[in-house]
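What follows is a single structure, written as structure tokens, with notes after it.
Predicted, not measured: the structure shown is a model, and the values here were computed from it.
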Amino acid sequence: MVTVSCRQVPSVVGDAPGNRRRITAEARAAAAAGADIVLFPELAASGYDFASAEQARAEAVPLDGPLLDEWRALAGELGIVLVAGYAELGDNGHVYNSAVLIDPDGVRANYRKAHLWDREADHFTPGAAPPPVVDTILGRLGLLICYDLEFPEWVRLAALDGAELLCAPVSWPAFPRPAGERPNEVVKVQAGAGVNRMPIAVCDRVDADHGAAWLGGSVIVDPDGYPLTSLALGEEAAITATIDLAASRDKSIGERNDVLADRRPPLYGAITKERV
């Protein structure tokens with residue numbers, strides 16, 4: 001069993017030191033409360049709503065720079081897996097919307113968001129690699145970012161690679177919805193978890209950043225697609241649940257069916273080829 005804590009906090013473009021202090025303080029508080037895996041939102045280190053590509057580049061940092069050194073030391077000190085988003089300045093000079101997964105042994109995965117949302121395409125280069133799935137001190141974890149969750153193929157790749165938990169830093173805009181309905185983003189996460197029998201932990205942000213309002217819809221969903229946590233929409237909060245990662249290795253749904261073994265890839269390949 002592992003305890004996962006999604007730290008639903010704000011971050012501010014132009015205040016990287018303040019964002020980093022907040023992440024450190026929240027990680028310490030989560031670890032002190034017994035968390036094993038601590039998630040932060042998309043672009044938590046930099047803030048999200050950049051006014052220009054130049055501003056995004058000014059906030060971007062390299063994978064081998066002081067920010068990641070700080071996070072590596074923090075994960076080692078606290079004995080946790082830390083997942084957080086940041087603006088990455090690649091060795092090739094491109095700027096990426098990235099997230100890292102770090103355990104006490106170091107950076108286990110650095111992922112560059114493949115599916116860019118809205119004005120992100122003006123600021124970032126899309127990643128070209130599938131969501132990483134890596135072995136950590138706690139289990140086999142997968143990593144993707146926000147809009148990636150809306151592509152079933154991408155979520156399925158993590159399940160096929162054996163992810164026992166999919167970690168997703170996000171920045172969900174607050175869209176209108178009918179009274180009494182859950183946010184559509186949460187429903188999609190539930191579907192992705194249920195069809196793959198794979199728990200998903202989503203860490204959203206709150207507060208306003210350059211006038212953008214965020215949903216604050218962090219949620220942790222079990223392998224059957226049911227939320228293990230209550231929503232704290234629009235509130236700064238710690239969304240925490242305990243998960244049995246071993247349960248996600250069982251892909252059976254009844255005595256005769258299995259969500260992965262029952263797939264028919266040759267059939268899908270033929271259909272996909274016709275539609276592309």
Exercise for the section: For K251, enumerate each residue passing the salt bridge (charged side-chain N to carboxylate O under 4.0 Å, His left out) test, keeping only those at least two apart in sequence or located in another chain. Expected result: none
Exercise for the section: Report yes if some heavy atom in the side chain of V95 is under 4.5 Å from a heavy atom in the side chain of H123; otherwise report no. Expected result: no
Exercise for the section: Compare all side-chain heavy atoms of P126 with those of K113 and state whether any distance is below 4.5 angstrom. Expected result: no
Exercise for the section: Say whether L141 and L144 are linked into one hydrophobic cluster, either directly or through other cluster members, by side-chain heavy-atom distances under 4.5 angstrom. Expected result: yes
Handout entry: Flag side-chain contact, heavy atom, 4.5 Å: N110 against S98
Key = yes
Practice task
Check for a donor-acceptor pair, side chain of D204 on one end and backbone N or O of S218 on the other, with a separation under 3.5 Å.
Solution key: no
Practice task
Following the transitive rule for hydrophobic clusters with a side-chain heavy-atom cut-off under 4.5 Å over Ile, Leu, Val, Met, Phe, Trp and Tyr, establish whether V38 and L138 coincide in one cluster.
Solution key: no
Handout entry: Flag for R22-T24: side-chain donor and acceptor within less than 3.5 Å
Key = no
When the side chains of residues 164-177 are checked against the rest of the protein, which donor-acceptor pairs come out under 3.5 Å, sequence neighbours left out?
| residue | atom | partner | partner atom | Å |
| --- | --- | --- | --- | --- |
| E164 | OE1 | R140 | N | 2.9 |
| E164 | OE2 | R249 | NE | 2.7 |
| E164 | OE2 | R249 | NH2 | 3.2 |
| S171 | OG | R205 | NH1 | 2.5 |
| R177 | NE | E181 | O | 3.1 |

Exercise for the section: Determine whether R28 and L74 make a side-chain contact, defined as any pair of heavy atoms from C-beta on separated by less than 4.5 Å. Expected result: yes
Fill in the blank from the handout: side chain to side chain contact (heavy atoms under 4.5 Å, CB included) filter on S252, not counting sequence neighbours, yields D250
Handout entry: By side chain to side chain contact (heavy atoms under 4.5 Å, CB included) - contacts of R21 (at least two apart)
Key = P17
Completion exercise
Sorted by chain and residue number, the side chain to side chain donor-acceptor pair (under 3.5 Å) partners of E185 (sequence neighbours excluded) come out as none
Problem - Nearest non-hydrogen partners of L68 and P62, listed with the distance - result: CD2-O, 4.1 Å
Exercise for the section: For side chain to side chain contact (heavy atoms under 4.5 Å, CB included), just list the numbers for V221 and L228, CA-CA rounded to whole Å, side-chain angles, deciding distance to a tenth of an Å, and then say yes or no. Expected result: CA-CA 6 Å; V221 180; L228 296 169; over 6 Å; no
Practice task
Give a yes or no answer on whether the side chain of R57 reaches the backbone of G93 with a donor-acceptor pair at less than 3.5 Å.
Solution key: yes
Practice task
For residues 223-237, pull every pair meeting salt bridge (Lys or Arg N to Asp or Glu O under 4.0 Å), keeping only residues two or more places apart or in separate chains.
Solution key: R197-D224
Practice task
Give the intermediate values and the outcome of side chain to side chain contact (heavy atoms under 4.5 Å, CB included) for residues L215 and L233.
Solution key: CA-CA 6 Å; L215 179 63; L233 298 177; 3.9 Å; yes
Practice task
Determine whether L63 and L101 fall in the same hydrophobic cluster, where Ile, Leu, Val, Met, Phe, Trp and Tyr are linked whenever their side-chain heavy atoms lie under 4.5 Å apart.
Solution key: no
Problem - With sequence neighbours excluded, residues passing side chain to side chain contact (heavy atoms under 4.5 Å, CB included) with D122 - result: R119
Exercise for the section: Decide yes or no for L67 and R20: does some side-chain heavy atom of the first lie under 4.5 Å from some side-chain heavy atom of the second? Expected result: yes
Handout entry: Residue list, side chain to side chain contact (heavy atoms under 4.5 Å, CB included) with L160, at least two apart or on another chain
Key = R156, L260, R263
Problem - Path from L143 to V100 over hydrophobic side-chain contacts below 4.5 Å - result: no
Exercise for the section: Given side chain to side chain contact (heavy atoms under 4.5 Å, CB included), test V13 with F50 step by step and report yes or no. Expected result: CA-CA 7 Å; V13 171; F50 298 111; 3.9 Å; yes
Problem - Pairs flagged by salt bridge (Lys or Arg N to Asp or Glu O under 4.0 Å) wherever residues 32-41 is involved - sequence neighbours left out - result: none
Problem - Atom pair CG (D222) and CD1 (I220), whose distance is rounded to the nearest 0.5 Å - result: 11.0 Å
Exercise for the section: State, yes or no, whether a side-chain contact exists between V186 and V189 at a heavy-atom distance under 4.5 Å. Expected result: no
Fill in the blank from the handout: Nearest heavy-atom contact between E42 and C146 is OE1-CB, 3.2 Å
Handout entry: Residue pair G34 / T3: nearest heavy atoms and the distance that separates them
Key = O-CB, 3.6 Å
Practice task
Starting at CG of L82, measure out to CD1 of I37 and round the result to the nearest 0.5 Å.
Solution key: 11.0 Å
Fill in the blank from the handout: For A44 and N19 the tightest heavy-atom approach is O-CB, 3.5 Å
Practice task
Look up atom CG in L231 and atom CD in Q8, then write down how far apart they are to the nearest 0.5 Å.
Solution key: 8.5 Å
Completion exercise
Rounded to the nearest 0.5 angstrom, the CG-CD1 distance for L149 and I200 is 6.0 Å
Exercise for the section: Supply the atom-to-atom distance T240 OG1 to I243 CD1, rounded to the nearest 0.5 angstrom. Expected result: 10.5 Å
Problem - Side chains of I137 and D105 in contact at under 4.5 Å (non-hydrogen atoms) - result: yes
Exercise for the section: Taking the side chain as every heavy atom from C-beta outward, state whether R72 and V107 have any pair of such atoms under 4.5 Å apart. Expected result: yes
Practice task
Specify the closest pair of heavy atoms between W214 and D207, including all atoms of both residues, with the distance to one decimal.
Solution key: CD1-O, 2.5 Å
Completion exercise
ring-ring contact (aromatic ring centres under 6.0 Å, His included) pairs touching residues 69-113, sequence neighbours excluded, are none
Problem - Spacing of N97 atom CG and S46 atom OG [to the nearest 0.5 Å] - result: 8.0 Å
Practice task
Among residues two or more places apart or on two chains, list those pairs meeting salt bridge (Lys or Arg N to Asp or Glu O under 4.0 Å) that have a residue in residues 82-91.
Solution key: E88-R112
Practice task
Can you tell me which residue pairs pass the ring-ring contact (aromatic ring centres under 6.0 Å, His included) test with a partner in residues 132-161, sequence neighbours excluded?
Solution key: H115-F151, H115-W154, W117-Y147, Y147-F151
Practice task
May I ask you to decide if A51's main-chain N or O and Q55's side chain share a donor-acceptor pair within less than 3.5 Å?
Solution key: yes
Problem - Linked, directly or transitively: L78 and V81 (ILVMFWY side chains, under 4.5 Å) - result: no
Handout entry: Minimum heavy-atom distance A35-S5, with the two atoms named
Key = CB-CB, 3.8 Å
